[in-house]
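Note that the coordinates shown come from a computational prediction; the quantities given were computed from them, not determined experimentally.
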Amino acid sequence: MIQPPSASGLQGPLWRAIVVYRFASLAFALALIVSNAADYRRPLASIPVAVVLVGWTIAASWLFARPERRRWPLLIADLAVTSGVLLSAEWVVGREALGSGTPGLAVAWLAAPVLAWAVAGGRRLGILAALLIGLADLAVRPRMTQSSLTGTTLMLLAAVGVGHVARLGAIAEARLQRATELEAANRERERLARHIHDSVLQVLALVRRRGASLDGEAGELARLAGEQEAALRRLIATGAPPPSATGVVDLGALVSAYASDVVSVAAPATAVPLPAEAATQLAAAVAAALDNAARHAGADARVFVLVEDEPDSVTVTVRDDGAGIAPGRLAAAELEGRLGVAQAIRGRITDLGGTVRIHSAPGQGTEIELVVPKLSV
């Protein structure tokens, strides 16, 4: 499979190196033709071959300079021209001269298409080109010896090495492009998060606090404002930060996004790494706990979130100083079909192999402790 045209140019140096190789090997091939022409069966016939060598070197260097041209037609043409020069050696040089040790017409120049195929398509295409060129080289030799296989062997080794480097370059380029896109998206999310935090979230929090003690439609609007505030905080948290190359996310950064004028977050100064899925689910459980506190703790209640990174587990504690929960209230809410705590909090943590402990009493606030073992995630 041919690599797509390079956008950032990480393979550019490889193509430029092939151009340098073409001209260096051309000079070597021309020098051998001039020094050995007297031994050829048809010395004058080497002149048009030399013209082809020079012309195709210039043409190929110009054609391969454009990424969109590095496709099958040009690769096949490069291989065909080189094979033609190789096969012409039997008519120009003569099998007797070749058998006595006279160099062929292409010599090192024949490896250029092998390198081009390896850079364009990786090891497999490079090996294929090396085998085809090697067969053409062996076809003009009067007999097969160990020395006659040396050129093919060197081309195979070059195809493997250059193809591997080209493949690594393509992978690195794709990762760099993805990282650039993630960085740009993260910058935009951070800008939006700052704007939302400075304007929309503050307004929603003000409406929730001022209207929580009112009755009727004003109280309903305050409740809706609280729900939208929690939803916006969850939206901001899910966008930052992106997973690393190993799929690990800093839980501390996710939970810290929930901080507001009524929510205080304390997290370790260093990262709290968790697999992306586990971190996302744990952060969503924290968001559900914050949403529950916003609805039931009271208008003046404050919420405190503590993230603890322990050797074998991660613990997140969500505590408020609000009205608390009456005994049996959670069980009654579950029977009524209100499954916020049962599914949004317990369900998520249980799926991660963790535990949820809830401590609450009327007038004494509520503490929800979420514990997720590291080994299970």
Can you confirm whether Val318 sits close enough to Glu369 that some side-chain heavy atom of one is under 4.5 Å from a side-chain heavy atom of the other?
no
Output, in order, the C-alpha distance, side-chain angles, deciding distance and verdict of side-chain contact (heavy atoms from CB on, under 4.5 Å) for Arg346 and Leu370.
CA-CA 9 Å; Arg346 289 190 188 277; Leu370 313 175; over 6 Å; no
Closest approach of Ile133 and Ser83, non-hydrogen atoms and distance?
CD1-OG, 3.7 Å
Within the side chain of Glu308, is there an N or O that forms a donor-acceptor pair under 3.5 Å with the backbone of Val314?
no
Are any of the side-chain nitrogens in Asp78 or Arg70 under 4.0 Å away from the carboxylate oxygens of its partner?
no
Nearest-0.5 Å distance, CD of residue Glu367 to CZ of residue Arg357
9.5 Å
Do Leu115 and Leu74 sit in one hydrophobic cluster, given that two such residues count as connected whenever their side-chain heavy atoms are within less than 4.5 Å of each other, even indirectly?
yes
Closest non-hydrogen contact found for Arg22 with Ala112 is NH1-CB, 3.6 Å
Output for pair (Leu132 CG, Asp137 CG), nearest 0.5 Å, gives 12.5 Å
Do Met155 and Ile127 land in one hydrophobic cluster if side-chain heavy atoms of ILVMFWY residues count as linked below 4.5 Å?
no
Enclosure of Asp351 CG (heavy-atom neighbours >12, cutoff 6.0 Å):
yes
Within a strict 4.5 Å, meaning less than it, do heavy atoms of the Thr280 and Val249 side chains meet?
no
Does atom CZ (Arg42) have a neighbourhood of more than 12 heavy atoms from anything else shown, all under 6.0 Å?
yes
Is the positively charged end of Arg69 above the ring of Trp62, judged by distance under 6.0 angstrom from the centroid and angle within 45° of the axis?
yes
Separation between CG of Leu274 and CD of Gln281, rounded to the nearest 0.5 Å:
12.0 Å
Looking only at heavy atoms, which two atoms of Ala267 and Ser256 are closest? And how far apart?
CB-OG, 4.2 Å
Evaluate the side-chain proximity of Val162 to Arg123: yes if any heavy-atom separation is below 4.5 Å, no if none is.
no
Spacing of OG1 belonging to Thr366 relative to CG belonging to Asn292, to within rounding of 0.5 Å
7.5 Å
Any idea which heavy atoms bring Val92 and Ser46 closest together, and the distance?
CG1-N, 3.8 Å
Can you tell if the side chain of Val372 reaches within under 4.5 Å of the side chain of Ser313, non-hydrogen atoms only?
no
Would you check if there is a donor-acceptor pair between the side chains of Thr82 and Trp56 at a distance under 3.5 Å?
no
side-chain contact (heavy atoms from CB on, under 4.5 Å), that's the test. Do Val119 and Val165 meet it? Break it down for me.
CA-CA 8 Å; Val119 174; Val165 172; over 6 Å; no
Restricting to non-hydrogen atoms, name the atom on Leu87 and the atom on Ala139 that form the minimum distance, rounded to 0.1 Å.
CD2-CB, 4.3 Å
When rounded to the nearest 0.5 angstrom, what is the spacing between CG in Leu30 and OG in Ser35?
10.5 Å
As a quick check of understanding, evaluate side-chain contact (heavy atoms from CB on, under 4.5 Å) for Val19 and Phe64, giving each step before the final call.
CA-CA 9 Å; Val19 172; Phe64 278 106; 5.9 Å; no
State plainly whether the residues Arg41 and Glu96 are in salt-bridge range, i.e. N to O under 4.0 Å.
yes
Surrounding CZ of Arg124 (heavy atoms of other residues, nucleotides or ligands, distance under 6.0 Å), is the total greater than 12?
no
Within the distance-only criterion (no hydrogens, no angle test), does the side chain of Thr57 pair as donor or acceptor with the backbone N or O of Phe23 below 3.5 angstrom?
no
Side-chain (Tyr258) to main-chain (Ala283) donor-acceptor, under 3.5 angstrom:
yes
Is there a path of hydrophobic side-chain contacts, each under 4.5 Å between heavy atoms of I/L/V/M/F/W/Y residues, joining Val307 to Val356?
yes
Would you check if Val265 and Phe304 make a side-chain contact, meaning some heavy-atom pair closer than 4.5 Å?
no
Counting N and O atoms only, with roles assigned by atom type, does the side chain of Asp250 sit under 3.5 Å from a partner on the main chain of Pro273, one being a donor and the other an acceptor?
no
Within a strict 4.5 Å, meaning less than it, do heavy atoms of the Leu156 and Leu131 side chains meet?
yes
So Trp72 and Trp117, would you call those rings parallel, tilted or perpendicular, with 30° and 60° as cut-offs?
perpendicular
Are Pro275 and Val248 side-chain neighbours, meaning at least one heavy-atom pair lies under 4.5 Å?
no
Strictly distance-based, threshold 3.5 Å: is any side-chain N or O of Arg302 a donor or acceptor partner for the main-chain N or O of Val263?
no
Looking at every non-hydrogen atom in both residues, tell me the closest pair between Ala108 and Phe28 and how far apart they are.
CB-CD2, 4.3 Å
Leu98 backbone acceptor or donor facing Thr102 side chain under 3.5 Å
no
Are a donor atom and an acceptor atom from the side chains of Gln177 and Thr180 found within less than 3.5 Å of each other?
no
Is the shortest heavy-atom distance from the side chain of His359 to the side chain of Ile368 under 4.5 Å?
no
Determine whether Ile33 and Leu53 satisfy the following criterion, side-chain contact (heavy atoms from CB on, under 4.5 Å), listing intermediate values before the conclusion.
CA-CA 11 Å; Ile33 290 175; Leu53 289 174; 3.8 Å; yes
Side-chain donor or acceptor of Thr152 paired with backbone N/O of Leu149 under 3.5 Å
no
Atom pair CG (Leu105) and CG (Leu32), whose distance is rounded to the nearest 0.5 Å
10.0 Å
